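Every value quoted in this text rests on a predicted model; they were computed, and no experiment measured them. The figures here come from the full heavy-atom set of this structure, side chains too, leaving out hydrogens, waters and symmetry mates. We're numbering straight along the sequence, starting at 1.
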Amino acid sequence: MTRPKPPRLPRLGKPRPSDVSAGLVTGLFSIPEGMAYAAIGGFNPVAGIYAGVVPTVLGSLFARTVLMVTTLTSALALTSQSAIKEAGLDAKDVGNVATLAVLAGTVMLLMGVLRLGVVMSFVSNAVMTGFSTGIALQIITGSLKDATGYKPGPHNKLAQLADWVWHIGDWQLAATLTALVTVAAWALLRLVKRLEAVATLIALLAVSVGVAVLGTHVDLARDIGHIPAALPSFTAPDLSAVGALLPGAFAVALVGLAQAASIGPTVPNPDGSKSSVNGDFVAQGLGNLGGGLFGALPTGGSMSRTGVAVGAGARTRWTGIFAGLWLALLVLTLGSLAERIPMPVIGALIIVIGCELVVGRLPDIRLVLRTSPLSAAAMVITFLATTQLPLQQAIVIGAVLSLLLFCVQAARQTRLVSLHRDTDGGHWRTGDPPRRLPPGEVTVLDYAGTSLFAELPRVEAALPDVHGARDAVLVLVVRTLPDVPSSAVVKFLDRYARSLSDEGGRLVLAGVQPPLARLLEVSGLAERLGEGGVVPAQPEIFAPVERAVAEGRAWITSHEKAPDGSPEDRSESAGPRPPAADQPP
C-alpha cells in the first residue's frame with residue numbers, strides 16, 4: 001500500500017524586474033486603499049495598512065493562485081465590523097481585532113487542510129460569473145466618492161451607480177479633473193509597449209506630483225489617518241473574546257474564501273500551473289494567523305489588489321512578496337510622503353481596474369446567456385444578490401443556486417438505454433427502452449444516473465411497463481451508480497422488482513459494486529431478487545452483462561419446462577415469491 005505524498009510547498013522561482021515594479025505599485029495602493037477600507041469598517045486606519053504587510057507576504061508565499069494578493073477588502077472590513085458588533089466588543093481594541101483575525105485564519109487553514117475546497121467545485125460557472133461581476137461592480141462603486149468627491153446614497157450598488165450619474169452636478173471639479181487626468185495618463189502610457197507594465201505606477205506618481213506642485217485641493221491619504229513611521233508590532237489576541245467572536249469568524253472566513261475563489265478562474269497562473277482552492281485556503285489561513293499577531297485586520301484574496309498587480313505587470317508570486325516588503329519600507333521611511341497620495345488618483349485607477357474585471361468576464365457572461373435560461377437566471381440572481389445584499393448572504397444564495405443547478409442537471413442527464421446484440425452476436429448496440437417488457441425474453445437496460453431522488457420520475461417514466469411480462473427478465477446494468485445510492489432509489493428498485501415478479505417476470509441487477517451489494521443485502525432486496533439476481537461488477541465491462549443475460553435465459557428455460565408454469569414450479573433461482581392476492585400467505 002502506497003502512502004499519500006505530503007503536499008509540496010509552492011516553488012518561488014526567480015523574480016522578474018516587472019515583479020519588483022508591480023510590487024511597488026501594489027504596495028503604494030495598499031496605503032490609501034487599506035486605510036479607507038479600515039475606516040469604512042470603523043477600525044483604526046493603520047490596521048488597514050498593516051493588512052498589506054505580513055498577510056500579503058505569507059499569502060503570496062503559499063498561494064496556489066500565483067498572482068493572488070492577500071490583503072484587506074471592503075467586504076472583509078464590513079463583515080469584520082459586523083462580527084465584532086454582534087459580539088458586543090470594541091472595534092478599536094487591538095486585542096479583539098487580533099482575536100478575530102486569528103480565528104478566521106484558523107477556520108481557513110482547517111478548511112484547506114481538510115480539503116473542503118472541493119465544495120467550491122459545486123459552484124457553477126454561472127453563479128461564479130454573477131458573483132465575480134458583482135464584486136467588480138462593488139469595487140467600482142466603492143471608489144466613486146474618492147474619484148469625484150460625491151458619495152452615492154443608496155446601499156444597493158446598482159442604485160449607487162445610478163445615483164452617482166444622476167448627481168453629476170454635485171461632483172467636485174478638482175477631484176473629477178484629477179481622476180480624468182489619471183485615467184488619461186494611464187491610457188496613454190499603455191499605448192507605449194515598453195511602458196505598459198509600469199503604466200499604473202507612472203500615472204500614480206506623475207499625477208500625485210502634479211497635484212502637489214499645482215496645489216490642487218483634493219482629499220489626500222492623510223485625511224483618513226496618520227501613518228506612523230513604524231513597522232507593525234506583536235499584538236496578543238484577547239482569549240476572553242474567543243467564544244463571542246467565533247461565530248463571526250466563520251462568516252469572515254466564508255466571505256474571504258468566496259472572494260478568493262473567483263480570482264483563480266479570472267487570473268490564471270502565468271506559468272501554466274493549476275490553481276488549487278485548498279492551497280489558497282491554506283495560504284489565506286496562514287496570512288491571517290501571521291497578520292493577526294502583527295496588527296492586521298482579517299484578510300483574504302483581493303480581486304482589486306490582484307487586478308492592480310496584474311495591471312502593473314506581475315508575472316510571478318514574487319509580486320505579492322515585494323508588495324509587502326515595499327509597503328513595510330514605505331511606511332518605515334516615507335510614511336509622510338505616502339500620506340500625500342491624492343485619493344482621486346487611487347479612486348480613478350481602482351475604477352479602471354474594476355471596469356477591466358467586468359470586461360474580462362464578458363465572454364463568460366455571453367456564454368452563460370447562450371447556455372440555458374436556467375443558468376442565465378442563476379447568474380443574474382447571484383449578481384443582483386451580490387450588489388444588493390450583505391456579501392455573506394449573497395454567498396449563501398449563490399451556494400444554494402449552485403446546488404439547485406447541480407440537482408437539475410443531474411436529473412436531466414439520467415437516462416435508461418437499451419442494450420442489444422448485433423444479429424451476428426458481436427458488438428452490443430444501444431437503443432431506446434421498449435415501452436413494454438416482451439414476455440419470454442431477456443431485456444437489457446443500462447441505468448446512467450447519480451441515484452438522486454430527484455431523478456426517479458424520469459427513470460420510472462422510462463422503465464418498460466411490466467403488465468403481461470410473463471417469463472420476462474429485465475437485466476438492469478447499474479455499474480455507474482454511486483457506491484451508496486439514495487434510499488429512494490433502493491425503494492424504487494424494490495417496488496419495481498415486486499411489480500415485475502407479480503406479473504411472472506424477474507429483475508436482475510448487473511455490474512453491482514461491492515458497497516452497493518452490501519447495501520442490497522442489508523436492505524433485504526438481494527434476498528427478494530433471489531439467487532443470481534445480483535451480478536457483481538468485474539474488470540471486464542460487459543462480463544457482468546453477459547453473465548446476467550445467461551442467468552436470465554436459464555431462468556426462462558427452467559420456467560418453460562415447468563409442468564404448469566405456476567410460480568411454485570419455478571426454479572429456485574427465481575427467488576422467493578410473494579403469495580397471490582387471493583391466496584393466504
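- L78 places none of its side-chain heavy atoms less than 4.5 Å from the side chain of S82.
- A 4.5 Å side-chain heavy-atom check between Y150 and D163 finds at least one atom pair inside the cut-off.
- Using a 4.5 Å cut-off on side-chain heavy atoms (C-beta onward), T266 and R361 make contact.
- T73 and Q259 share a donor-acceptor pair across their side chains, judged by distance under 3.5 Å alone.
- For the pair I49 and I31, the tightest heavy-atom approach, listed with the atom from each and the gap, is CG1-O, 3.9 Å.
- Judged by distance alone, the side chain of T141 and the main-chain N or O of Q138 form a donor-acceptor pair under 3.5 Å.
- Although no hydrogens or angles enter the test, the distance criterion places no donor-acceptor pair under 3.5 Å between the side chain of T133 and the main chain of G130.
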Query raised in the report: For F383 and V380, what are the C-alpha separation, side-chain angles and deciding distance, and is it a side chain to side chain contact (heavy atoms under 4.5 Å, CB included)?
Result: CA-CA 5 Å; F383 171 77; V380 172; 5.6 Å; no

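- Between atom CD1 of residue I202 and atom CG of residue L195 there is a gap of 5.0 Å, rounded to the nearest 0.5 Å.
- With 3.5 Å as the limit, one finds a donor-acceptor pair spanning the side chains of D271 and S273.
- Using modelled atom types, no side-chain atom of T148 and backbone atom of T176 make a donor-acceptor pair closer than 3.5 Å.
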Query raised in the report: Can you list the steps and then say if L327 with T56 is a side chain to side chain contact (heavy atoms under 4.5 Å, CB included)?
Result: CA-CA 10 Å; L327 178 57; T56 301; over 6 Å; no

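- The closest side-chain heavy-atom distance from L58 to T70 is not below 4.5 Å.
- For the side chain to side chain contact (heavy atoms under 4.5 Å, CB included) with L349, the qualifying choice from D146, V25, V207, L204 is L204, the only one to do so.
- Listed here is the closest heavy atom pair of L332 and A230: CD1-CA, 4.1 Å.
- Summarising the geometry, atom CG belonging to L72 is positioned 8.0 Å from atom OH belonging to Y37; distances are rounded to the nearest 0.5 Å.
- Counting heavy atoms from C-beta on, the side chains of I350 and F29 come closer than 4.5 Å.
- Taken to the nearest 0.5 Å, the CE atom of M68 stands 7.0 Å off from the OG1 atom of T306.
- Taken to the nearest 0.5 Å, the CZ atom of F131 stands 9.5 Å off from the OG1 atom of T382.
- Between W318 and F322, the ring centre distance stays below 6.0 Å.
- Using modelled atom types, one finds no donor on one side chain facing an acceptor on the other under 3.5 Å when comparing T26 with R305.
- Formation of a donor-acceptor pair under 3.5 Å by the Q284 side chain with backbone atoms of D280 is found in this model.
- The side-chain heavy atoms of W326 and V20, taken from C-beta on, include a pair separated by under 4.5 Å.
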Query raised in the report: Can V252 and L76 be said to form a side chain to side chain contact (heavy atoms under 4.5 Å, CB included), step by step?
Result: CA-CA 6 Å; V252 172; L76 280 171; 3.8 Å; yes

Query raised in the report: Could you walk me through whether L384 and L158 pass the side chain to side chain contact (heavy atoms under 4.5 Å, CB included) check?
Result: CA-CA 9 Å; L384 293 176; L158 290 172; 3.8 Å; yes

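- The shortest non-hydrogen separation linking I397 to A385 is CD1-CB, 4.0 Å.
- For R317 (side chain) and A63 (main-chain N/O), a donor-acceptor pair under 3.5 Å exists by modelled atom type.
- Residues L205 and L28 have side chains in contact (heavy-atom distance under 4.5 Å, counting atoms from C-beta outward).
- No donor-acceptor pair closer than 3.5 Å links the side chain of W164 to the backbone N or O of K145.
- Once rounded to the nearest 0.5 Å, the distance linking NZ of K92 with CG of D90 reads 8.5 Å.
- No side-chain heavy atom of P344 sits under 4.5 Å from any side-chain heavy atom of T182.
- Between L67 and R315, the shortest heavy-atom distance links the atoms CD2-C, 3.8 Å.
- Within the 3.5 Å criterion, the main-chain N or O of T299 finds a donor-acceptor partner in the side chain of N288.
- Of the possible polar contacts, none joining the E33 side chain to the I346 backbone as a donor-acceptor pair under 3.5 Å is found.
- The minimum heavy-atom distance between A91 and F43, with the atom names listed, is O-CD2, 3.3 Å.
- In this structure, OG1 in T333 is found 4.0 Å from CG in L329, a value given to the nearest 0.5 Å.
- Looking at N269, its side chain does come within 3.5 Å of a backbone N or O of R64 through a donor-acceptor pair.
- For the residue pair R16 / T316, no side-chain donor-acceptor distance below 3.5 Å is found, with atom types taken as modelled.
- Between the side chain of S132 and the main chain of T129, no donor-acceptor pair closer than 3.5 Å is present.
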